[in-house]
Amino acid sequence: MSAARPVLPEGDWIRSISIKQPWATCILTGAKTIENRSGKRRPGWKPGWVLLHAGQRIDRPALRIPLVARTIHGRQMPTGAVIGVARVIDCHQDAEGSPPCTEWAEPGVWHLVLADVQALALPVPADGQLGPWKPSPDLVAQVFQQLPAFQP
């Protein structure tokens with residue numbers, strides 16, 4: 001007898017975030033626990049689940065940063081696809097003059113704190129966009145077919 005697959009909630013319970021490579025892969029490894037977002041105003045992120053979408057572009061200069069190079073060594077970097085899920089647990093800026101919250105934190109920007117990161121075995125092709133975006137029900141279904149034990 002197989003275990004019952006959990007029923008995912010309907011409605012506006014999950015968002016998506018597009019992140020350039022190699023940063024998206026750094027998040028999937030569990031090493032990068034924050035995502036840096038610029039802007040004077042607090043970004044429109046609330047605590048909750050997000051699909052991690054690897055954008056079409058690769059931040060080529062980032063590939064030469066030793067911390068990034070060590071973290072992504074030997075890993076694939078798919079683009080234009082959802083590659084995992086994570087939970088946003090906080091959004092903050094480090095106080096001016098204080099040490100960064102993590103070695104991945106950029107000064108003067110907003111930090112989305114991510115937890116419970118789960119990588120997908122197979123990337124799910126998807127168009128992304130800037131800012132938080134709402135995934136289609138079909139995209140959500142395709143992603144969570146690969147995470148049968150997921151509990152929102």
Task: Minimum heavy-atom distance Leu28-Gly84, with the two atoms named - done: CD2-CA, 4.1 Å

- [ ] May I have the step-by-step check of side-chain contact (heavy atoms from CB on, under 4.5 Å) for Arg37 and Ile17, ending in yes or no?
- [x] CA-CA 11 Å; Arg37 293 288 156 151; Ile17 182 172; 3.3 Å; yes

TODO: Test side-chain contact (heavy atoms from CB on, under 4.5 Å) on Ile14 and Val140 and set out the steps.
DONE: CA-CA 9 Å; Ile14 191 164; Val140 172; 4.0 Å; yes

Open item on the list: Please determine whether the number of non-hydrogen atoms from other residues, nucleotides or ligands lying under 6.0 Å from atom CG of Asp127 exceeds 12.
Closed with: no

TODO: Starting from the C-alpha separation in whole Å, work towards a yes-or-no answer on side-chain contact (heavy atoms from CB on, under 4.5 Å) for Val124 and Leu51.
DONE: CA-CA 10 Å; Val124 178; Leu51 301 183; over 6 Å; no

Task: Side-chain heavy atoms of Thr71 within contact of Trp104, under 4.5 Å - done: yes

Open item on the list: Are the side chains of Leu120 and Val82 in contact, using a 4.5 Å heavy-atom criterion?
Closed with: yes

Task: Sub-4.5 Å side-chain heavy-atom contact between Val88 and Val113 - done: no

Open item on the list: Counting C-beta onward and ignoring hydrogens, is there a side-chain heavy-atom pair between Glu35 and His111 closer than 4.5 Å?
Closed with: no

Open item on the list: To check you understand the geometry: which heavy-atom pair defines the closest contact between Asp94 and Pro100, and what is its length?
Closed with: OD2-CA, 3.2 Å

Task: Smallest separation among heavy atoms of Ala105 and Ile34, with atom names - done: CA-CD1, 3.5 Å

Open item on the list: With heavy-atom distances below 4.5 Å as the criterion, would you say the side chains of Leu122 and Gln146 are in contact?
Closed with: yes

Open item on the list: Tell me the closest heavy-atom pair linking Pro125 and Leu139, and the distance in Å.
Closed with: O-CD1, 4.4 Å

- [ ] Give the minimum heavy-atom separation between Ala24 and Ile19, together with the two atoms involved.
- [x] N-CG2, 3.7 Å

TODO: Please examine the side chains of Leu114 and Thr33, heavy atoms only from C-beta on, and report whether any two atoms are closer than 4.5 Å.
DONE: no

- [ ] Give the intermediate values and the outcome of side-chain contact (heavy atoms from CB on, under 4.5 Å) for residues Leu63 and Met77.
- [x] CA-CA 11 Å; Leu63 297 172; Met77 290 193 310; 3.8 Å; yes

Task: Distance-only polar pair, side chains of Ser18 and Trp133, donor-acceptor under 3.5 Å - done: yes

Open item on the list: Quick check for you: to the nearest 0.5 Å, what is the distance between His53 atom NE2 and Thr79 atom OG1?
Closed with: 8.5 Å

Open item on the list: Is there a side-chain contact between Ile72 and Thr29 in this structure, where contact means two heavy atoms from C-beta onward sitting under 4.5 Å apart?
Closed with: no

- [ ] Answer yes if the side chains of Trp110 and Asn36 hold a donor-acceptor pair under 3.5 Å, and no otherwise.
- [x] no

Open item on the list: I want to check something: taking the side chain as every heavy atom from C-beta on, are Pro47 and Ile89 in contact at a cut-off of under 4.5 Å?
Closed with: no

Task: Heavy-atom closest contact (Ala86 atom, Trp49 atom, distance) - done: O-CE3, 3.2 Å

- [ ] Using atom types as modelled and distance alone, determine if a side-chain donor or acceptor of Gln21 lies under 3.5 Å from a backbone N or O of Asp59.
- [x] no

TODO: Please state whether the rings of Trp13 and Phe150 are parallel, tilted or perpendicular, taking 30° and 60° as the class boundaries.
DONE: tilted

